[in-house]
Amino acid sequence: MATNQLDDKTLTELREIAARYPEPRSGLLPMLHLVQSAQGRITPEGIEACAAILDISAAEVSGVATFYTMYKRHGVGDYHVGVCTNTLCAVMGGDEIFARLKDHLEIGNDEVAVKRQGDSRTVSLEHIECNAACDYAPVVMVNWEFMDNQTPESAVQMVESLRAGHEVSSTRGPRLCTWREAERVLAGFPDGRVDEGPTAGEASLAGLRIARERGWTAPDPEQVPAVEAGEGEA
Amino acid sequence: MTEKTVEKDEQSRGKAVEKTDLVTLTIDGVEVSVPKDTLVIRAAEQIGVQVPRFCDHPLLAPVGACRQCLVDIPDAGNGRGFPKPQASCTLPVAEGMVVNTQVTSPVADKAQQGVMELLLINHPLDCPVCDKGGECPLQNQAMSNGRGESRFSDERNRGVKRTFPKPINLSPMVLLDRERCIVCQRCTRFADEIAGDPFIALVERGAQQQIGIAEDAPFLSYFSGNVIQICPVGALTSEQYRFRSRPFDLVSTPGVAEHDACGSAIRIDHRRGKVVRRQAGDDPAVNEEWITDKDRFAFAYAQADDRLTYPQVRDEDGFLRPASWPEAFVVAARGLAAAKAAGGVGVLTGGRLTVEDAYAYSKFARVALGTNDIDFRSRPLSAEETAFLASHVVLTGPADPVNRAVTYDDLESAAKVVLVGLEPEDEAGAVFLRLRKSVLAGGTEVVAVAPYTTRGLEKLSARLVPTAPGDEAAALAGLAGELGADTVLLVGERLATVPGALSTAASVAAASGARLAWVPRRAGDRGAIEAGCLPNLLPGGRPVADAGARVDVATAWGTASLPEAEGRDADAIVAALVAGELGGLVVAGIDPDDTADPAATRAAIDAAGFVVSFELRRSEVTDVADVVFPVAPTSEKSGTFVNWEGRVRSWEAALHQPSSLPELRALSGIAEELARLGQGAPLGFRTVAEVRAEMGQLGPWDGERTAAAPAVAGPVARDAGAFALSTWKLMLDNGTMQDGDKYLKATARTPVALVTPDVYDAHGPTVTITGDRGSVTLPAEIADDLVEGVVWVPASSVGNGVLADLASPGSHVTITGAEGVHG
Amino acid sequence: MSTLTPVLTDTWDAEQGWKLETYAARGGYSSLDVAFAMSPDDVITAVKDSGLRGRGGAGFPTGMKWSFIPQDNPKPKYLVVNADESEPGTCKDIPLMMGNPHVLVEGVIVSSYAIRANKAFIYIRGEVVHVIRRVQAAVAEAYAAGHLGKDIHGSGYDLDVVVHAGAGAYICGEETALLEGLEGRRGQPRLRPPFPAVAGLYASPTVINNVESIASVPAIVSNGAAWFASMGTEKSKGHGIFSLSGHVQRPGQYEAPLGITLRELLDLAGGVREGHQLKFWTPGGSSTPLLTAEHLDVPLDFEGVGGVGSMLGTRALQVFDETVCVVRAVLRWTEFYKHESCGKCTPCREGTWWLVQALTRLEHGQGSEDDLDQLLDQCDNILGRSFCALGDGATSPISSSIQHFRDEYLAHLSHGGCPFDPARSTAWAGQEVSA
């Protein structure tokens, strides 16, 4: 994948990230997200740029860039599809979804599917660890947006829509942006999609719905006797 | 590291903190009192228990990563125990603590065996071909604290080991075999904490975690070799030693490094008469356990093909021919006798001598040649410096209670260290490391009177007092107000040619109570001063000008008298030879290109009626000498260096080559022949031991020191458009004692000219610098805070060096762009 | 019979619940003025008195943690919110931040005020972009409304908040590893002592709290410690979000007093999926030892779950029915720990490497019963020997599953492989699936 050079705007933004923190090096994780947004992956140039801005060695930046799994040393697709195969999702069907997608896209883990004639966008595939949406198992993430309660069929349909360039929305989030656009949000530059999607998905509301139905609430503060000071120390 | 060095270090550490509070605890049933804050693993050493360990290193911050040193703590000192075994390398002792190590606790023993088993599951079984095999802490401790057999690789459970393509070059010198690595982080911690060169880092994660470098950013550090030595497995190896030998085939002899004036302890590992490796020795007062890459890797020069192994004399037909030692003594004596008659003989000894050899030259000059025309300085010098060495340097040392010599430890305790004309990272590696340790501990501020913030200064978080070469005296005077009794002033030998600098240093130190030390570059410099290889000093710091001092020496030497007048310094010897005022020259280990005026030095050697050369290897001097004596390298003779502190460090010969004689033996042979010719007297010794005894007998001068010369600040005026030339030698450069190791050479810094941004913009990426001796063309780089009107070039990294090819340091040069030149 | 007590989840069914407008209309940010009227120490006392214990798994008393901050230390104090929710099964903080980010921001302000921090960080795992959007926006809205920044509500108190995105590392849920990540380093745990309360972020006094803990603070301050303490059990007070996932009819988030039982929760959730029975479950994520149907009536509080040899953890109740092979489940978790081991210490780095191989062989029906004992011995060599709790957690599913399901392991050996059909466990098993 061709990478464009880091432009002045990006370099300025990298410095801007570092300036958010009392100590500039704290900006490194978001800075690397921005490098990915700008260049599609972690490039040696991006590592150098971060090292120069933070006045640390390229080896130190490299050490960080290779520690965290979201940093990619080779390009991913416009849409990076992550299938949760941690135990619960795997058991609930994540293994089958992952197998189906590999088969369908004719790729292995952490690979980019061939862009076929007529495809307007590319997808890549990776199996991921628990993404904190177990009540929506099996879960698929696309560019780190939730695609809840997937089946092999729904997952195949989804990647085909993505490849065709159709608009696809997260099941409880916004319209999907590209991976590089998402990385920019992670770097701390909002993209205006915050108000898309619901407050919560259905599973998140499972308990609240019952409480509402049955009229259950937390105790009324007025009805609670005061505790003796110091009890909390026990 | 061996168990022995651990213990030794602990002893020195214990000494340093003996005045602190003691904590009493019980380890394996034995009560022991140790200083507060001592780690349990070290407290155990006090009762002779070696808890196995890998990541732990006494000079690195504790990390607790390998978990090999787990011990059982049934009582943490508060009546409660830890429910699980604890890492003894991170746990400080507590009053009343009870510790049970593997010696008495089955829990600790099982925990250790468990960790060892885990360490070994992914460790290859290539010990038979591994360089570390035989001196490997993993191998040794697997035997002492591991299970007999692995359950990972037994027949039933044939586990799959992690493998990597092997090896990878972390630098041209340091190789990494990743599958052997147990990621203890000793190397990365060293690079970061000690050297300040974090160019190796942990990369990847979990079971794939490994040591790595960034793309195109090798581990180029002057101290890189230390990581090989402290690697507790065979993961890090050197190109130089890899697959060359097995530890049990090596004989190890302690030595002292010959590449700088630090006095660093080394260990010379040799096999069948050949040095195959050098390691850092453990000298807590000096280099602790670290040495520079030059000290470690630069030893092939002594085994080069052009090494001289027999004396030579110039025949009537003009060619040098081999000669026996006795014949060479005779020929040399005759020639020197004639030269003496023709005006006299000068002696240039260079800065590489052992104290014993220097003493022999000193005595030879006075007794055999009847002259004070002797100088060890084979580099730019001045009369001001000559006086300074006699008034402020000679006789100072850690052992001297009067003169309060500065020591390495003092660098650590000083509130402020001011560096003038000294770039420690390049010129005195152990000083650099000790300063860095001190700065990192938060105690010391480093202030540098220098033309720009070098990488080394950056690593010392130094405050720059931006100073053009030549302006150091004024800068020092400007600093006088902020110096005090808790300040140390370190001045480098480069100040010799800055008028007023050394005398200003002396006067501001005296006025402020700051302590002053002179840090030369060469290993033999300081010893040569003590031995009297100067025109104004006799051995033991006795001033030539002092009649009592002369009598003192003459009495000891059993001669009637000694020459009374102070002699010629090196520059004057050169001038006198060219002018025909001197008839001959005894010259030892001098490269004309190092001298103040290389052309003049060459002319002097050519003009000398008779030249006796002492050299290790064939050189342009031996090519024109009348008699050539081979010189033994430090590994092949016993000797002593006096380091910059004035600390005395002796060693015994590691190798015994019949052809290697110390210079003192040859000088005594010549002196005996001269005596036979009626010239002077024999030296009275033939061996190093005899010289040591004689020096001990003579002892140091207890009379008046010579007074300091008054400050003679010279005006510094620069022509319009001219640049002041700043230069010093990089640690790794074209020096002949680095010959023979291409890997080491490949780790040297790329020679560049450092210029201000304006100059870079005006003249571009390649510049030609022109001085009164010629021009050099180099790639230019911007040094952001370089003083306006200054250009810096490395002194000996290109061509014949700055002195020969360009101009004198501090003099004026011009800069032009070098279009079309790709440097 | 416990009832549900929606506090943090109470606004999740609101239209645009993430907006300040919505939150403010429900009384949001009212705890600020209550807190500012109190001294910081009184806020700490209130939180102590409430009995709130850390909701990130370890259950350390929150108020006590705050009181460890040495106020005579001249360095700046920091509050860091651990929003790196990554423990398998745990899925409460993510919907909380997505649906009600302002309660977290409000909690950050009150908590920071209590410990006298003027800078706070919210470290959110990077793999949840929309959650990060919502928290970023909430912080921006709070600044605009004067809840953050200089002289908040005229109190003279200043606070800045930075939202920080992680980049994929389970270990950063460990608080010192999180600090490393926040300092731009590899997320490897730090040596303790010094503890973060003394030398944490930038070697300054630092409190690190879980999202739910911090979000619980505003209601404690507004409603009083007694109100909070009126919920829950003797030593595990207050409300907590229980996350049911897996083979239950209605998986999801159930906010209830601590001490509720799985039986009660399953009743609310419609039980285990139709036609199946509970086989095993995790009380608080994969690092907490497995429990079985015999533990259905264990009170889900710190003491109750601890009493049966497991841990309450994050109340991540992953429910598995009888179609699930426990060996497969445990192997997959072990692979997770291997993948997420930071690599710093030997037992965890090498131990998880070996455990995966040993379990894989067993899953394939290779080996003998002796191998189970060897597996347990390997766990013994990792548990309590590792640098941090990740290594300990890696052994929990293995040891507990062998304890409860030894026969199932042996069945793999006698069967020559896994006797289970994974298709029967899927969410769509038994349903007509059309292509």
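Each chain gets a letter, A, B and so on, in the order the sequences are listed, and its residues count up from 1. Note that the coordinates shown come from a computational prediction; the quantities given were computed from them, not determined experimentally.
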Problem set entry | Non-hydrogen side-chain atoms of P174(A) and H130(C) separated by less than 4.5 Å | yes
Exercise. At a heavy-atom separation under 4.5 Å, does A133(A) approach chain C through its side chain, its backbone, both, or neither?
Worked result: backbone
Problem set entry | Under-4.0 Å salt bridge between D191(A) and R133(C) | yes
Exercise. Is the shortest heavy-atom distance from the side chain of R214(A) to the side chain of T3(C) under 4.5 Å?
Worked result: no
Exercise. Non-hydrogen atoms of chain C under 4.5 Å away: do they reach the side chain of R212(A), the backbone, both or neither?
Worked result: side chain
Problem set entry | Interface residue of largest heavy-atom contact number with chain A, from H247(C), H239(C), E255(C), under 4.5 Å | H247(C)
Exercise. Looking at V162(C), T90(C), D13(C), which makes the most heavy-atom pairs under 4.5 Å with chain A?
Worked result: D13(C)
Seminar exercise, completed: In this structure, CH2 of W333(C) is separated from OG1 of T87(A) (nearest 0.5 Å) by 5.0 Å
Exercise. With a 4.5 angstrom heavy-atom cut-off, which part of V128(C) approaches chain A: side chain, backbone, both or neither?
Worked result: both
Problem set entry | S170(A), part contacting chain C, at a heavy-atom distance under 4.5 Å | neither
Exercise. In terms of heavy-atom pairs under 4.5 Å, which option from Q136(C), E87(C), E85(C), R250(C) contacts chain A the most?
Worked result: Q136(C)
Problem set entry | Separation between CH2 of W144(A) and CD1 of I132(C), rounded to the nearest 0.5 Å | 11.0 Å
For this session: Just say parallel, tilted or perpendicular for the rings of H164(C) and Y21(A), cut-offs at 30° and 60°.
Result: perpendicular
Exercise. Is there a donor-acceptor contact under 3.5 Å linking the side chains of D135(A) and Q253(C)?
Worked result: yes
Exercise. Side chain, backbone, both or neither: which part of P138(A) has an atom under 4.5 Å from a heavy atom of chain C?
Worked result: side chain
Problem set entry | Partner chain A: residue of V7(C), L182(C), V248(C) with the largest heavy-atom pair count (under 4.5 Å) | L182(C)
Problem set entry | Segment of Q150(A) engaging chain C (4.5 angstrom heavy-atom cut-off) | backbone
Problem set entry | F320(C) vs L88(A) side-chain heavy atoms within contact, under 4.5 Å | yes
Problem set entry | Residue among D10(C), I94(C), N223(C) with most heavy-atom pairs under 4.5 Å to chain A | D10(C)
Seminar exercise, completed: To the nearest 0.5 Å, atom CD of E15(C) lies from atom OG1 of T199(A) at 6.5 Å
Problem set entry | Segment of F146(A) engaging chain C (4.5 angstrom heavy-atom cut-off) | side chain
For this session: Against chain C, label T217(A) side chain, backbone, both or neither, depending on which of its atoms sit under 4.5 Å from a heavy atom there.
Result: backbone
Exercise. Can you find a pair of side-chain heavy atoms, one from T85(A) and one from E335(C), that are under 4.5 Å apart?
Worked result: no
Problem set entry | Heavy-atom proximity to chain C below 4.5 Å, by part of D195(A) | both
Problem set entry | Heavy-atom contact with chain A under 4.5 Å, split by part of R125(C) | side chain
Exercise. If you tally heavy-atom pairs under 4.5 Å against chain A, which of H339(C), K92(C), K235(C) wins?
Worked result: H339(C)
Problem set entry | Which atoms of Y78(C) approach chain A - backbone, side chain, both or neither, heavy atom under 4.5 Å | side chain
For this session: Against chain C, label C50(A) side chain, backbone, both or neither, depending on which of its atoms sit under 4.5 Å from a heavy atom there.
Result: neither
Exercise. Between atom CH2 of W12(C) and atom CG of L208(A), what is the distance when rounded to the nearest 0.5 Å?
Worked result: 8.5 Å
For this session: Anything in residues 23-35 of chain A with a heavy-atom distance to chain C below 4.5 Å? Please list those residues in order.
Result: E23(A), R25(A), S26(A), L28(A), L29(A), P30(A), H33(A)
Exercise. Checking heavy atoms, do the side chain of A14(C), its backbone, both or neither come under 4.5 Å from chain A?
Worked result: backbone
Problem set entry | Residue selection (most heavy-atom pairs with chain C, distance under 4.5 Å) from S204(A), A211(A), A200(A) | S204(A)
Problem set entry | Point-to-point distance, once rounded to the nearest 0.5 Å, from CD of Q318(C) to SG of C130(A) | 7.0 Å
Exercise. Does the side chain of T426(C) come within less than 4.5 Å of E96(A)'s, by heavy atoms?
Worked result: yes
Problem set entry | Interface residues of residues 60-70 of chain A facing chain C - non-hydrogen atoms under 4.5 Å apart | G63(A), V64(A), T66(A), F67(A), Y68(A), T69(A), M70(A)
Exercise. In Å, rounded to the nearest 0.5 Å, how long is the span from CG of L268(C) to CH2 of W216(A)?
Worked result: 5.0 Å
For this session: Compare all side-chain heavy atoms of V91(A) with those of R328(C) and state whether any distance is below 4.5 angstrom.
Result: yes
For this session: Identify which part of M92(A) has an atom lying under 4.5 Å from any heavy atom of chain C, answering side chain, backbone, both or neither.
Result: both
